[in-house]
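Values in this document were obtained by computation on a predicted structure and should not be read as measured data.
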There are 2 protein chains.
Amino acid sequence: MPNTDGAEAGALGDDNPSTRELIIRAARGCFADSGFEGTSLNDIAAGVGIRRPSLLHHFPSKDAIYGEVFEVALSDWIAQVERAASGEIMNGWEQVELVLDVSFQFFRHNSDFVRIMRREAIDTNSHLGFDLGATIRPHFERALDWFEREMTAGRFRRQDAEQLMLTGYGALLSYFSDAAFLDGLLDRDPLSDDSLHRLLEHTRSLFAATLEP
Amino acid sequence: MPNTDGAEAGALGDDNPSTRELIIRAARGCFADSGFEGTSLNDIAAGVGIRRPSLLHHFPSKDAIYGEVFEVALSDWIAQVERAASGEIMNGWEQVELVLDVSFQFFRHNSDFVRIMRREAIDTNSHLGFDLGATIRPHFERALDWFEREMTAGRFRRQDAEQLMLTGYGALLSYFSDAAFLDGLLDRDPLSDDSLHRLLEHTRSLFAATLEP
DNA sequence: GTCTATATAAGGATAGAC
DNA sequence: GTCTATCCTTATATAGAC
């Protein structure tokens, strides 16, 4: 007996998205643009093309929609970075470049998530049921241990790797989360191919200058 | 005829603050913690110790309170940085260190403003009547011109100064705006004296390594 | 699964007493 | 200058028809 939905229906990037998936997509844009309190169920419903009460047929509450939006994007991000970081066949610098590239591309193509994550990082009272920093912490510490081993092995110059990671991610996340601000600050489109290439090259050379022995 | 209020009454840091000033202080904390939409007039009024309608005797609307909170802090920041940047008696590197120190200390002691500014930078629809990026732009370009002159004079290595400033400020602003997130991520208090010293030293050495000829 | 209608609460702002 | 009482709007969520 054929299942018209299919087991994978609703996944991100689906070409024949379920209503549930359409809600997630519309909600992601709204939450990124206006934050949790600044987004009403009417806004999301309008983005989907249905009425407000219909949303709550698919999700029990606004919080539930928000939670799903966040968790889907967060697990996507973690999965991609972990995947890039686990192919430890390469030498130290190639590994750094790969993770940097993967993170960069993810942020570029998921800038809505970047802005939502930023809002969560700023808020004192998170709308999620968990501590974002504590969730990322094991991955962060694993990366830290890896840097420590590379430095001990002499493949990297000894550095404050923790601060370097905070600086690198802070700079990248800021660029994408604050793109609207940069659009007013700079005399160029911050999201043009040229600008993004320039950002990636600068970040790469920053890591290189800091780490090369 | 003595004036019990004094011409300067209500200025930030006042020891005998007016109600208007108390409102600004309470509002600044609320807007930083919860954002514009996440803050109700009840929240602010509770912080002052008065009732909601009493707020609107001092300010015409919630937007007016928000605008005043933001403009006071923004002009404070610009004034301090411009003051540090205009004493051009020093050589290039001392100038960079001074502006970096002044910015760092300002962010440290005005982390509420940093979080509000970040929220404004993220939001597509600002609650202010002006473009934050465009407002800062002349100061940003002045700094850029200065870097250009220093590099041309050979006192700095030739660099992508624009990206360097974006990275530096992005990293600093992120650290302070996301302190709550860092508290969960790191195995230490991100706002302890030690942590802040470590951050400043790292940022300083990052600029030094990038700029020294 | 989507709709209209409705319950209920909260928010911003105003009127007017003190 | 602060208060209570009130108006109006918007928001989340539910009930029940189709």
Side-chain angles (χ1 to χ4, degrees), chain A residues 3-6 9-10 14 16-70 116 119 123 125-129, chain B residues 3-6 9-10 14 16-70 116 119 123 125-129:
Chain A
N3 182 344
T4 52
D5 276 4
D14 198 326
N16 188 15
S18 61
T19 302
R20 192 185 159 88
E21 169 60 16
L22 291 175
I23 292 171
I24 292 295
R25 291 183 193 177
R28 185 168 45 217
C30 290
F31 288 136
D33 284 349
S34 313
F36 182 82
E37 284 91 355
T39 296
S40 76
L41 292 180
N42 272 331
D43 297 331
I44 301 172
V48 180
I50 59 179
R51 299 285 188 172
R52 188 172 67 241
S54 305
L55 292 178
L56 300 175
H57 174 79
H58 300 271
F59 295 90
S61 67
K62 181 182 173 181
D63 288 83
I65 298 176
Y66 184 78
E68 175 116 347
V69 163
F70 196 85
I116 296 174
R119 292 181 188 277
D123 283 359
N125 295 331
S126 162
H127 306 102
L128 304 167
Chain B
N3 182 343
T4 52
D5 275 3
D14 198 325
N16 188 14
S18 63
T19 302
R20 193 185 158 88
E21 169 60 17
L22 290 175
I23 293 171
I24 293 294
R25 292 184 192 177
R28 185 168 43 218
C30 290
F31 288 135
D33 284 348
S34 313
F36 182 82
E37 283 91 356
T39 296
S40 75
L41 292 181
N42 275 330
D43 297 331
I44 301 173
V48 180
I50 59 179
R51 298 285 187 172
R52 187 172 71 238
S54 305
L55 292 178
L56 300 175
H57 174 78
H58 301 271
F59 293 91
S61 69
K62 182 183 174 183
D63 289 83
I65 299 176
Y66 184 79
E68 175 116 346
V69 163
F70 196 86
I116 296 174
R119 292 181 187 279
D123 283 0
N125 293 332
S126 162
H127 306 103
L128 303 167

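For B:Leu55 and C:dA13, the CG to C1' distance is 12 Å, given to the nearest whole Å. One can place CZ of A:Arg51 at 5 Å from P of C:dT4, the figure rounded to the nearest angstrom. Rounded to whole Å, atom P of D:dG1 lies 12 Å from atom CZ of B:Phe59. Atoms CZ (A:Phe36) and P (D:dT12) sit 8 Å apart, rounded to a whole Å. Atom CD1 in B:Ile23 sits roughly 14 Å away from atom P in C:dG12 (whole-Å rounding).
For B:His57, the listed nucleotide lying nearest its side chain is D:dG1; candidates were D:dA13, C:dT14, D:dG1. Closest to the side chain of B:Ile50, from the set D:dC3, C:dC3, D:dA13, is D:dC3. Of the listed nucleotides (C:dA13, C:dC3, D:dA13), D:dA13 has the atom at the smallest distance from the side chain of A:Arg52. Here D:dG1 is the nucleotide among D:dG1, C:dA13, D:dA13 with the atom lying nearest to any side-chain atom of B:His58.
Across all strands shown, A:Ser40 has heavy atoms under 4.0 Å from sugar-phosphate atoms exclusively, and none from any base. Heavy atoms of A:Leu41 sit under 4.0 angstrom from primed sugar atoms or phosphate atoms, though from no base atom.
Where A:Pro53 and A:Asn42 meet DNA chain D, the nucleotide closest to each residue was compared, and A:Asn42 sits on the side nearer the 5' end.
Put simply, A:Ser54 has a side-chain N or O that comes within less than 4.0 Å of OP1 or OP2 on C:dC3. Between B:Ser61 and C:dT14, a side-chain N or O to OP1/OP2 separation shorter than 4.0 Å is absent.
Considering only heavy atoms from C-beta on, A:Leu41 stays 4.5 Å or farther from A:Phe59 through its side chain. Side-chain contact between B:Asp33 and A:Asn125 is absent, with no heavy atoms from C-beta onward closer than 4.5 Å.
In this pair, B:Tyr66 and B:His127 present their aromatic rings perpendicular. The plane angle is above 60°, beyond the 30 to 60° band.
Side-chain contact annotation: A:Asp123 with A:Ser126, donor-acceptor N/O pair under 3.5 Å absent.
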